[in-house]
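Working notes, beginning with the structure itself.
Scope of the values below: all heavy atoms of this structure, side chains included, with no hydrogens, waters or symmetry mates. We name chains A, B, ... by the order of the sequence lines, and we start the count at 1 in each one.
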Amino acid sequence: MKIALLGNPNTGKSSVFNMLTGMRQHVGNFPGVTVDKKFGNITLGGEDHSIIDFPGTYSLYPRSKDEQVVYDVLSNPNHIDYPDVAIVVVDESNLERNLFLFSQIYDLNIPTILVLNMADIARKNGKTIDIARLEGFFPGTKIIETTARIGVGKDRLMKELQFKEPSTVEQAFLPNYKLCKLDDQQGQEKEANDRFGLIKKVVSLVEQQVEKPTAKQQNSLDKILVHPIFGYVIFAAILMIIFQFIFSFAAIPMDFIDGTFSDLSSWLSNTLPAGLFSDLLSQGIVPGIGGVVIFIPQIALLFFFISILEETGYLARVVFIMDRLMRPLGLNGKSVVPLLSSAACAIPGVMATRTISDWKERTITILVAPLMSCSARIPVYTLLIALVIPNEKVLGFLNLQGLVLFGLYSLGLVTALLIAALLKMLIRSKEKGYLLLELPSYKSPRWGNVGLTVWEKVRVFVLDAGKIILAISVILWAMATFGPGDRMDKAEQKAKVHAWEQHLSAEETNSNIASARLENSYIGILGKGIEPVIAPLGYDWKIGISLITSFAAREVFVGSLATIYAVQGDSDDNKRLIDRMRDEKRSDGRPVYTLASGASLMIFYVFAMQCMATLAVVKRETKSWKWPLIQIAFMGVLAYIGSFITYYILS
Amino acid sequence: MNKTLAHIKTGQHVIVTGISDSTLKPKLMEMGLVNGKEITVLFKAPFGDPIAIDVQGYILSLRLDEAKLILVKASNSTEDFV
């Protein structure tokens with residue numbers, strides 16, 4: 001049996017889903033579209049059934065990409081996900097609006113169960129509903145009252161599902177109902193009128209309002225949270241606390257992961273018989289997996305906080321107060337969350353844009369999201385800052401290195417907003433953006449939902465970004481290990497002879513050999529090939545190699561440099577790598593890493609789209625190669641010009 | 001006289017009398033903004049846009065551009081929201 005779970009947003013639908021399935025949930029895709037399909041299994045009387053949690057929607061007629069899937073599935077009885085039974089979750093304290101979607105689904109002749117959720121809140125508001133009478137208006141439908149947040153009503157709902165029979169009566173609330181075509185605006189308007197007309201009568205008969213609902217309590221909290229001054233102050237304070245938490249707490253597991261994977265690498269290369277396979281494992285695959293896993297703590301923490309804000313209802317207020325500020329930039333109040341998420345990782349950030357119903361606002365948000373400094377930039381920034389920025393105080397109390405880091409973050413944010421404003425003028429769209437957003441009542445977060453959100457986001461990151469990062473790591477390893485013909489072996493011989501003539505120590509000899517081999521590998525040849533292009537930015541071919549390799553993912557930059565300079569097993573704050581980089585000289589004896597070239601590199605990493613995984617996700621979300629290509633082009637131009645100017649000014 | 005929701009001050013009650021033709025019309029209606037619906041302007045965002053209204057049972061926020069589409073008349077209701 002296929003069960004569909006449907007309902008308006010903010011009705012506690014996901015609580016019902018969690019209550020029914022527990023942790024037996026999966027995420028897949030609806031065929032042909034990229035909307036996530038959340039589904040789970042429930043066992044009824046020893047039999048397993050699948051249940052799909054559809055995106056929350058107010059009507060069968062969609063307003064956004066996410067909602068469209070509800071129409072696509074329910075309008076087509078031959079669809080693979082067309083349900084045998086529909087559970088429609090309804091917020092009991094808001095019966096009238098909720099019955100709109102329910103009655104639409106009922107009129108499609110799908111056997112339905114109506115779940116009146118949040119019964120406790122309705123009681124508190126002095127509302128009672130004559131359930132028997134309401135059932136009378138919808139023959140064939142059973143109504144179940146639940147408070148899913150605390151698990152009340154689970155048994156009754158399960159039992160009802162188990163014994164649900166295909167309805168024998170013709171389900172017709174609105175007589176002779178036919179689902180309108182998506183472009184039939186008049187038909188949809190007429191339906192809304194007729195349907196609400198009937199619903200109003202029904203509600204007036206079944207609902208008892210002991211006292212008028214008051215928006216008073218609600219209002220007092222909103223008075224502060226959307227206040228012209230305090231509203232923004234509170235939002236800024238919450239952001240600061242969140243990022244403070246993320247950066248201080250995520251460091252602990254990240255150091256642990258980093259240490260574990262580099263230990264594993266060296267253990268493997270020491271234990272396995274030397275050879276290609278051992279190298280592939282210890283230099284390609286293991287560091288590749290480590291490069292994915294290391295971001296999990298930050299991503300998990302960020303989404304932990306975001307989903308708490310969402311659960312409490314505060315996030316909708318953020319959209320409310322930010323909308324007017326974002327609009328001149330071609331963005332939407334709803335762009336705030338994707339941009340925030342991108343400060344951890346652009347991948348979940350880009351995916352979070354699906355709630356933006358306007359195509360243009362959504363596209364602009366996607367295009368600028370990767371300019372927000374993500375966590376993969378942190379290892380690059382910290383290495384370069386430690387390398388060229390002195391650790392001293394300015395104005396007596398500000399740490400200069402910290403200040404530079406803050407500056408890089410701000411530069412990313414400001415650029416993102418400026419580019420958005422520019423894109424607003426460039427991108428044409430027939431439709432006008434709009435905002436129709438329910439401000440849900442404030443609630444305490446349901447921790448089960450928070451946990452599941454975190455789990456889902458981490459899972460998507462690991463699968464989407466992870467496989468690309470891993471694959472590229474292996475490809476790059478191969479490109480650094482092999483070279484054309486016997487070029488690498490010849491270079492090795494030459495280095496050996498050179499070392500023997502100069503009476504170098506064994507360690508120096510090995511390091512020279514590794515370096516010589518790399519120089520003559522495919523990747524070394526590539527690095528030399530782009531040297532003329534990057535020389536105006538202050539980079540040599542070794543940096544060129546690292547730029548190419550870190551196109552897969554920015555943090556690969558650090559590891560590549562460690563390989564190039566033959567500084568392995570360096571986990572102590574990159575100290576050996578930094579010392580080695582400071583000694584690096586150009587052919588004319590000048591140091592390679594100066595303030596000018598270091599700062600130029602930092603600017604490059606602020607702007608450049610050095611992330612294959614994000615490109616892949618943007619392609620998936622915009623359904624064409626056009627936008628990811630535009631994105632990589634404009635970010636590349638920004639990076640090149642920005643770095644060039646920086647290098648030119650500072651040298 | 002046709003007044004729109006965009007002109008209504010915070011705290012005032014009005015009744016929806018219609019929605020101007022626009023691609024958003026069905027969406028607004030589906031959110032419960034149908035003829036005869038009594039609504040109250042609850043509060044406005046900084047800069048007066050978007051606004052939040054009580055649609056009998058839930059709070060809906062919308063931009064002034066959307067509010068301009070919603071035609072309203074004064075409600076006789078005397079109760080006071082503060």
Rounded to the nearest 0.5 angstrom, the CG-NZ distance for Leu42(B) and Lys223(A) is 9.0 Å

Comparing Leu437(A), Asn8(A), Leu101(A) against chain B, the one with the most heavy-atom pairs below 4.5 Å turns out to be Leu437(A)

Those residues of residues 321-329 of chain A that come under 4.5 Å of chain B on a heavy-atom basis, listed by number, are Ile321(A), Asp323(A), Arg324(A), Leu325(A), Arg327(A)

Okay, Lys200(A) and chain B: the region with an atom under 4.5 Å from a heavy atom over there is side chain

Answer key: most heavy-atom pairs under 4.5 Å with chain A among Gly48(B), Ser22(B), Pro50(B), Ala52(B) is Pro50(B)

For Leu62(B) and Leu436(A) the tightest heavy-atom approach is CB-CD2, 3.7 Å

So, the part of Ile19(B) with a heavy atom under 4.5 Å from chain A: the answer is neither

Answer key: most heavy-atom pairs under 4.5 Å with chain A among Leu60(B), Val34(B), Asp49(B) is Asp49(B)

Heavy-atom nearest pair, Pro228(A) first then Pro46(B), reads CA-CG, 3.5 Å

Any side-chain heavy-atom pair of Lys27(B) and Tyr58(A) under 4.5 Å: no

Honestly, the part of Phe196(A) sitting under 4.5 Å from a heavy atom of chain B is side chain

Output yes when Glu361(A) and Arg63(B) qualify as a salt bridge under the 4.0 Å nitrogen-oxygen rule, no when they do not. yes

Bottom line for Tyr58(B): the part with an atom under 4.5 Å from chain A's heavy atoms is both

May I ask you to check whether over 12 heavy atoms, not counting those of Lys443(A), lie within 6.0 Å of atom NZ?
-> yes

The interface call for Asn332(A) against chain B, heavy-atom contacts under 4.5 Å, is both

Measuring only between side-chain heavy atoms, which start at C-beta, is Tyr434(A) closer than 4.5 Å to Asp65(B)? no

Turns out that what part of Phe100(A) lies under 4.5 Å from chain B's heavy atoms comes down to side chain

Run the salt-bridge test on Lys37(B) and Glu96(A) with the 4.0 Å N-O cut-off and return the result as yes or no.
-> yes

Okay, Thr23(B) and chain A: the region with an atom under 4.5 Å from a heavy atom over there is both

* To do: May I ask you to test the Gln188(A)-Lys25(B) pair for a side-chain heavy-atom distance under 4.5 Å?
  => no

Check whether any side-chain heavy atom of Asn193(A) sits under 4.5 Å from a side-chain heavy atom of Met29(B), and report yes or no.
-> yes

Interatomic distance, CZ@Arg97(A) vs CG@Leu33(B), rounded to 0.5 Å, equals 10.5 Å

Side-chain (Glu438(A)) to main-chain (Ser61(B)) donor-acceptor, under 3.5 angstrom: no

Query raised in the report: Is the backbone of Glu30(B) close enough, under 3.5 Å, to the side chain of Ser59(A) for a donor and an acceptor to pair up by distance?
Result: no

Would you indicate whether the side-chain heavy atoms of Arg63(A) and Met31(B) approach each other to under 4.5 Å? yes

Ring pair (Phe, Tyr, Trp, His ring centres under 6.0 Å) filter on Tyr71(A), not counting sequence neighbours, yields none

Between the CD1 atom in Ile59(B) and the CG atom in Asn10(A), the distance rounded to the nearest 0.5 Å is 11.0 Å

